[in-house]
Peer 1: 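Have a look at this one.
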Amino acid sequence: MPCLLEKYRDFLPVTPQTPIITIGEADTPLVRSRRLEREIGCGELYFKLEGCNPTGSFKDRGMVVAVAKAVEAKNSAIICASTGNTSASAAAFGAVCSLTVFVVVPKGNIALGKLAQALVYGARILAIDGNFDKALEIVRAITQKHPITLVNSLNPHRIEGQKTAAFEIVDVLGDAPDYLFIPVGNAGNITAYWKGFVHYKQAGKALNTPKMMGFEAEGSAAIVRGKAIADPETIASAIRIGNPASWKGAVAARDESGGVIDSVSDDEILDAYKILGTQEGVFGEPASAASVAGLIKQRNNGTDFSNKRVVCVITGTGLKDPDTAIKSAMPPTELPADLETVERLVLQG
Ligand code: AN7
């Protein structure tokens, strides 16, 4: 199997000097919905399972390119601000390339699994008393002063790598879908997908491009409200971002594709999170469920998806955030280790 840098080499900033590195990223499953498709009344509904990447989120696609280019440029240190997934991915690729990795995260506000990953991959974790937006401001200033590579999606190589997810969808479906639903935080991913669909069409690999349907969390919906939010809030900590760096890219994706950027409430996110788990066998993290929450909202507002092909991007695995999983469900039934008691409960159903 060729890795991401090899497979999509012609669409990426890969030169003969670029080291071909991989930890098994990309080529993630595009799975057909069994139940929600019928409920929504979609022609076809698919989930792009980006949680199947080696660090459990889509960030690996962009990080492999950003880190390969940093190594090519002979840089030995990288830094990012993160709500968790970027830091996990930077730490993993930094580890295989023997780089020094600094991750600046909002203290107490990143999911437990993501913190565990950065620790195990050996990153230097700087947990600040402030939110993601402040962390990003700090790392931007540091990288302007010092020879440390910024690996947030402000680094254009990140966007280049992330656009490969759009290529994969077209490669599997034979053309672009009619609609692409995607969570929006810092807005790098919606920007990247749009770039990917447009490039593939220009290259003659697709006839169409999809309507881009981006969803922010209601308490962090800067683009929807048209102004930065100083204290963003949401249960979906991955997208608790009040001043998205790729704001313009997201707006361009929406306007050029004839799509929508809207918001979903935490309740809508949690409902979608539970539907994904209990009806589709898909365990995405809360931020990922924003794409499906957006689809349900759009349907409830009257959009007709019959005969349409729809893809929802499930950006990260639910295993990263066990706290939300446990809090949002019924606790396990505890009982004595006794055959009759267990049998009685099993028979009750
Ligand atoms: C699971 O890790 O910003 O709109 O620092 O982890 O491209 O920011 C993560 C974002 C969606 C939003 N789903 O993507 C970070 C970070 C998941 C995420 C998003 C994120 P962007």
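Remember, it's 1-based here, ligands and their atoms both numbered in the order they're listed. Sequence positions, counted from 1, serve as the residue numbers for this chain.
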Peer 1: State whether the shortest distance between N or O atoms of Lys114 and N or O atoms of ligand 1 falls below 3.5 angstrom.
Peer 2: no
Peer 1: If the plane angle is over 60° it's perpendicular, under 30° parallel, otherwise tilted; pick one for Phe215 and Phe181.
Peer 2: parallel
Peer 1: Just by distance, with hydrogens left out, do Gln117 and Lys320 show a side-chain donor and acceptor under 3.5 Å apart?
Peer 2: yes
Peer 1: Between Gln162 and ligand 1, is there a nitrogen or oxygen pair with a distance under 3.5 Å?
Peer 2: no
Peer 1: Just to check, does Ser57 reach to within less than 4.0 Å of ligand 1 when the distance is taken from its heavy atoms?
Peer 2: no
Peer 1: Counting heavy atoms only, which part of Ile190 comes closer than 4.0 Å to ligand 1: side chain, backbone, both or neither?
Peer 2: neither
Peer 1: Is it true that Glu50 lies under 4.0 Å from ligand 1, counting heavy atoms only?
Peer 2: no
Peer 1: Please indicate whether any nitrogen or oxygen in Phe58 is less than 3.5 Å from any nitrogen or oxygen in ligand 1.
Peer 2: no
Peer 1: With distance as the sole criterion, is a donor-acceptor pair present between the side chains of Ser263 and Glu216 under 3.5 Å?
Peer 2: no
Peer 1: Of Asp231, Thr234, Asn109, which meets side chain to side chain donor-acceptor pair (under 3.5 Å) against Arg240?
Peer 2: Asn109
Peer 1: Can an N or O of Ser87 be found at a distance shorter than 3.5 Å from an N or O of ligand 1?
Peer 2: no
Peer 1: For atom 17 (C) of ligand 1, which protein heavy atom lies nearest, and how many Å away is it?
Peer 2: Thr315 OG1, 3.3 Å
Peer 1: Backbone or side chain, does any N or O of Thr86 fall under 3.5 Å from an N or O of ligand 1?
Peer 2: yes
Peer 1: Looking only at side chains, do Tyr8 and Asp171 share a donor and an acceptor under 3.5 Å apart?
Peer 2: yes
Peer 1: Would you say the ring centers of Tyr200 and Phe11 fall short of 6.0 Å from each other?
Peer 2: yes
Peer 1: Is there at least one pair of N or O atoms, one from Thr83 and one from ligand 1, spaced under 3.5 Å apart?
Peer 2: yes
Peer 1: Is the closest N or O pair between Phe132 and ligand 1 shorter than 3.5 Å?
Peer 2: no
Peer 1: Would you say Gly316 has any N or O atom under 3.5 Å from an N or O of ligand 1, going by distance alone?
Peer 2: no
Peer 1: Should Arg32 and Glu37 count as an ion pair when the cut-off is N to O under 4.0 Å?
Peer 2: yes
